[in-house]
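Contents: one structure, followed by commentary.
Keep in mind that what you see is a predicted model, and the values were worked out from it rather than measured. Computed over heavy atoms, backbone and side chain alike; hydrogens, waters and symmetry mates excluded.
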Amino acid sequence: MYVMQHLWNKIVKVVPLWIAPNLLTFVGFLMILWNYLLLCFYDWGYTASGIGYQHIPNWVWISAALGNFLAYALDSIDGKHARITQSSSPLGELFDHGLDSWTASIFPMSIFSIFGCNSGDSALAATTMYSVTCIVLFTFMLSHWEKYNTGVLFLPWAYDISQMSMSVLYILTAVVGVDTFHKPLVFNFYMTHVLITFLVGCSLLISVPQTVHNIFRGYNQKTLLKPSLYEGLLPLLSPSLLCFLLSIWVAYSPCGILEKQPRLFLWMLGVTFSNVTCRVIISQMTNTRCEVFHWMLFPLILLVGAAVSGLLGQVEEITFIAFTLLTTAAHVHYGVCVGRFVQGKQLSKHLNIYVFSIRKRYAD
């Protein structure tokens with residue numbers, strides 16, 4: 001929101017010039033990850049908010065609110081700090097948006113702990129958590145799909161509104177407790193309904209219409225970067241196939257894999273989607289053709305086929321856990337390798353830029 005820009009402009013002035021913008025970005029990501037890991041520790045199965053269960057301590061919600069707002073602030077000032085220190089670079093853009101693609105799934109997965117999946121009428125079903133996470137991730141992807149086609153990255157107000165709302169919701173939870181959300185606000189309308197309406201509404205009523213409008217405007221003005229409809233839609237193929245395959249698994253899993261491992265399943269979805277998105281981001285940054293199929297889809301096709309056909313039998317859950325560990329390790333490895341390649345063979349040679357340091361620029 002533009003009203004927050006005044007605050008960010010004041011905060012960025014107190015950041016020491018020797019701190020690299022990427023360090024601000026990374027610290028913000030670690031704050032979000034730490035909050036999520038705390039919630040995992042106290043509420044692995046999204047049951048702690050249920051009636052009769054030991055709830056998450058209030059200090060965790062306060063920590064989540066503080067961490068979320070500080071991460072939001074750091075994410076808002078890292079670009080400003082890069083311009084002040086004259087250290088803006090393709091590496092910084094990739095690093096920022098790459099981590100954002102991961103946190104896009106961590107945000108809803110953290111919020112879900114407030115309501116849980118066993119709180120009676122106020123509960124969030126595991127399938128609802130999955131659907132909402134898919135919508136949030138696709139909303140994030142659409143912004144970069146728009147840039148892939150238009151060359152302009154438009155960030156709607158939905159992001160700022162959602163960040164402020166999450167921080168307020170965490171504080172409210174610490175003050176009134178999760179039991180308050182078990183009661184209807186009016187008639188049979190619960191706080192969970194407000195959450196779903198808000199998340200889906202921000203996506204379908206703000207982000208998606210704006211993206212479609214910008215694409216059509218580029219088409220009418222003949223400024224789109226891609227020559228055909230196929231080339232323009234290519235970035236959406238892998239994420240669409242990913243969600244389709246996972247939806248098949250959710251619907252026909254013999255062991256009910258989503259209900260058994262809701263947090264881990266959503267984590268796997270977020271990590272895989274983030275890796276797909278990162279490749280799209282690199283394609284739009286380098287103005288190269290997006291890959292048709294992401295490599296992670298091939299083992300996933302085999303895994304889903306074996307699971308829903310019953311071939312995995314009792315080892316379905318174990319195989320799923322192994323695949324989740326594999327995708328997480330592959331995603332981290334990919335990020336490290338891309339950072340090393342960009343730093344070691346391009347920017348370091350020509351611009352003397354490093355991932356977490358800018359001292360070389362001032363030494364020249």
- Can you measure from OG (S274) to CZ (R279) and round to the nearest 0.5 angstrom? 11.0 Å
- Looking at CE of M166 and CD1 of I32, how far apart are the two atoms once the value is rounded to the nearest 0.5 Å? 7.0 Å
- Task: Go through the steps to decide whether T192 and F181 satisfy the test side chain to side chain contact (heavy atoms under 4.5 Å, CB included), and finish with yes or no.
- Result: CA-CA 8 Å; T192 49; F181 301 130; over 6 Å; no
- Task: For the pair F138 and F273, evaluate ring-ring contact (aromatic ring centres under 6.0 Å, His included) and give the outcome as yes or no after the intermediate values.
- Result: CA-CA 9 Å; F138 255 100; F273 205 103; 5.5 Å; yes
- Under the side chain to side chain contact (heavy atoms under 4.5 Å, CB included) criterion, do D96 and D75 qualify, and how do the steps go? CA-CA 8 Å; D96 186 9; D75 189 47; 3.0 Å; yes
- Item | Residue list, salt bridge (charged side-chain N to carboxylate O under 4.0 Å, His left out) with K260, at least two apart or on another chain | E317
- Considering residues, nucleotides and ligands other than F323, do more than 12 of their heavy atoms fall under 6.0 Å from its CZ? yes
- Query: Is it the case that R263 places NZ or CZ above or below the six-membered ring of F112, under 6.0 angstrom from the centre and within 45 degrees of the axis?
  - Reply: no
- Query: Would a hydrophobic clustering, with Ile, Leu, Val, Met, Phe, Trp and Tyr connected at side-chain separations under 4.5 Å, put I215 with Y148?
  - Reply: no
- Message: Does atom CZ (F244) have a neighbourhood of more than 12 heavy atoms from anything else shown, all under 6.0 Å?
- Response: no
- Spacing of F265 atom CZ and W249 atom CH2 [to the nearest 0.5 Å]: 6.0 Å
- Message: Under the side-chain contact (heavy atoms from CB on, under 4.5 Å) test against M191, which residue among T173, T180, L169 passes?
- Response: L169
- Which residues pass the side chain to side chain donor-acceptor pair (under 3.5 Å) test with K226, sequence neighbours left out? none
- Query: Relative to the ring of F29, is the ring of W102 parallel (under 30°), tilted (30 to 60°) or perpendicular (over 60°)?
  - Reply: tilted
- Task: Check whether any side-chain heavy atom of W59 sits under 4.5 Å from a side-chain heavy atom of L38, and report yes or no.
- Result: yes
- Would you call E316 and I257 a side-chain contact if the rule is heavy atoms closer than 4.5 Å? yes
- Query: If you group Ile, Leu, Val, Met, Phe, Trp and Tyr by side-chain heavy-atom gaps below 4.5 Å, do I62 and I114 land in one group?
  - Reply: no
- Query: What orientation do W267 and Y36 show, parallel under 30°, tilted 30 to 60°, or perpendicular over 60°?
  - Reply: parallel
- Query: Going through the checks in order, is the side chain to side chain contact (heavy atoms under 4.5 Å, CB included) test met by T327 and H331?
  - Reply: CA-CA 6 Å; T327 55; H331 186 48; over 6 Å; no
- Query: Of all residues at least two apart in sequence or in a different chain, which pass the side chain to side chain donor-acceptor pair (under 3.5 Å) check with D100?
  - Reply: none
- Test S238 against L297 for side chain to side chain contact (heavy atoms under 4.5 Å, CB included), laying out the working first. CA-CA 8 Å; S238 286; L297 295 177; 3.8 Å; yes
- Is a side-chain donor or acceptor of N68 paired with a backbone partner of Y72 at a separation under 3.5 angstrom? no
- Message: With heavy-atom distances below 4.5 Å as the criterion, would you say the side chains of F320 and T324 are in contact?
- Response: yes
- Message: If you define the side chain from C-beta out and look only at heavy atoms, does anything of C278 sit under 4.5 Å from Y334?
- Response: yes
- Message: Distance alone, cut at 3.5 Å: any donor-acceptor contact between the side chains of D179 and H55?
- Response: yes
- Item | Non-hydrogen atoms of P235 and G232 that approach each other most closely | CD-O, 3.4 Å
- Task: May I ask you to check whether over 12 heavy atoms, not counting those of W44, lie within 6.0 Å of atom CH2?
- Result: yes
- OG-CG distance between S49 and L39, expressed to the nearest 0.5 angstrom: 9.0 Å
- More than 12 heavy atoms from other groups under 6.0 Å of CD on Q314: no
- 4.5 Å side-chain heavy-atom contact, L246 and T272: no
- Determine the interplanar angle of the W8 and F69 rings, folded into 0 to 90°, and report it as parallel if under 30°, tilted if 30 to 60°, perpendicular if over 60°. tilted
- OH of Y42: more than 12 outside heavy atoms within 6.0 angstrom? yes
- Item | Parallel, tilted or perpendicular, as decided by the 30° and 60° cut-offs, for the rings of F140 and H144 | tilted
- Euclidean distance, L99 CG relative to L94 CG, rounded to 0.5 Å: 9.0 Å
- Query: Is it true that a side-chain atom of S240 and a backbone atom of L236 form a donor plus acceptor pair closer than 3.5 Å?
  - Reply: yes
- Task: Hey, could you give me the SG/CD distance between C255 and Q261, rounded to the nearest 0.5 Å?
- Result: 9.0 Å
- Query: Does the side chain of M109 come within less than 4.5 Å of S105's, by heavy atoms?
  - Reply: yes
- Message: Taking I161's backbone N and O only, do any of them form a donor-acceptor pair with S165's side chain (distance below 3.5 Å, no angle check)?
- Response: yes
